[in-house]
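A short write-up of the structure that comes next.
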Amino acid sequence: MGEFELIRQIFMPLAGQSGSAALLLGPGDDCAIQRVPPGQDLVFSIDTLVEGIHFPHHYDAEKLGWRALAVAVSDLAAMGADPRCFTLALTLPEARREWLEAFARGLGSAAGAFGIVLAGGDTTRGPLTLSLQVHGTVPAGTALLRSGAQAGDLVCVSGTVGDAGLALTYLDDPDPSADAAAVLKRYHFPMPRLELGRRLRGFASAAIDVSDGLLADLGHILQASGVGARIDGALVPLSEALCRLSDHGRLRAAVTAGDDYELAVTIPEHRWRALADDVREQLTVVGSVTTEQGLVIINGDDVQGATGFDHFGDV
Ligand code: ADP
Ligand code: MG
């Protein structure tokens, strides 16, 4: 059996997994066919992960499968989109059945968890690299953009930030403590905030997923919206595990580290009050949008001079 036949055997089964009506034709033909229901906008994005740059060399194949899809789907969450289907361009140095099966297991569990199906892909030989294009839909005109933040809006962040960044310290730890295991889970198995993104349609004025660090990603919203923000370092949500594991400089690390895949959003105050309680509970207000450009952090002494912070003096 040829290696590409092996790959098809392994990936084709993922295609039918959630039997999505959105996908009229999956892998196997020259193209896939997706039907976009009338009144919906198609929202799509592509992400590439290169071994040694976006994930460590010899990274576990099953974790890689989950992580690659989670990272790509997180962009759909940030747009408030419902996931539909994805394509996978896989470049591999060699086709080893064991590796491919583990990778497909991770990818398949993520696809099931996020409600997205594999529509097709491409397979080539070379240094390990993955590109995933994800497709989602939103009711026409309701996608959450980076550009809608207005002075006075609240700046909110979901969940907690900093765990995945701290996890990098423990990647090679053979016997991690319970706290280290908790932050490692955030790195290996990110959970894109799909349900939250969807529920913020019609409420958030701007949104982004936190992939490069809260400061850098919030900076993208501010830049795209032509506004500034004032945030309170004491309000930035940190997990209990992170607080126990790190002390000095932890706020700085938490706001400059990436890979958490939480959402950073701005919400006008009257809409914040109109949000359902269970949505508000997933968010922490950390500050507000200002007409003055730039990002000011109060109660964030250890953040001054942090990479990513200096950058904002001249936003
Ligand atoms: P073509 O030469 O027409 O591009 P390919 O041999 O690249 O055809 O692909 C044949 C079929 O297998 C296509 O439908 C494609 O979507 C699917 N396919 C190839 N590689 C993958 C992959 N890694 N994951 C999912 N589907 C794949
Ligand atoms: Mg091809």
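The structure displayed is predicted, hence computed values, not measured ones. Counting convention: from 1, in listed order, for ligands and their atoms alike.
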For the residue pair L69 and I116, establish whether any side-chain heavy-atom pair is separated by less than 4.5 Å. yes
With sequence neighbours excluded, give me every ring pair (Phe, Tyr, Trp, His ring centres under 6.0 Å) pair touching residues 72-98. none
What I want to know is whether A119 and ligand 1 share at least one N or O pair that is separated by under 3.5 angstrom. no
Please table the atom pairs, donor to acceptor, closer than 3.5 Å between any side-chain atom in residues 134-154 and protein atoms at least two apart or in another chain.
from: H135; atom 1: ND1; to: Q34; atom 2: OE1; distance (Å): 2.6
from: H135; atom 1: NE2; to: Q133; atom 2: NE2; distance (Å): 3.2
from: T137; atom 1: OG1; to: Q40; atom 2: OE1; distance (Å): 3.2
from: T137; atom 1: OG1; to: R84; atom 2: NE; distance (Å): 2.8
from: T137; atom 1: OG1; to: R84; atom 2: NH2; distance (Å): 3.0
from: T142; atom 1: OG1; to: P139; atom 2: O; distance (Å): 2.7
from: D153; atom 1: OD2; to: Q150; atom 2: N; distance (Å): 2.9
from: D153; atom 1: OD2; to: S205; atom 2: OG; distance (Å): 2.6

Give the contacting part of L118 toward ligand 1: side chain, backbone, both or neither, where contact means a heavy-atom distance below 4.0 Å. side chain
Ligand-residue contact atoms, ligand 1 with G28, heavy atoms, under 4.0 Å: 11 (C), 13 (C), 14 (O)
Within a distance under 4.0 Å of any heavy atom of D30, pick out the atoms of ligand 1 and give their elements. 3 (O)
So, T160 versus S239: side-chain donor-acceptor pair below 3.5 Å or not? no
Contact atoms of ligand 1, heavy-atom distance to D29 under 4.0 Å: 13 (C), 14 (O)
Is D260 paired with R186 through a side-chain N to carboxylate O contact shorter than 4.0 Å? yes
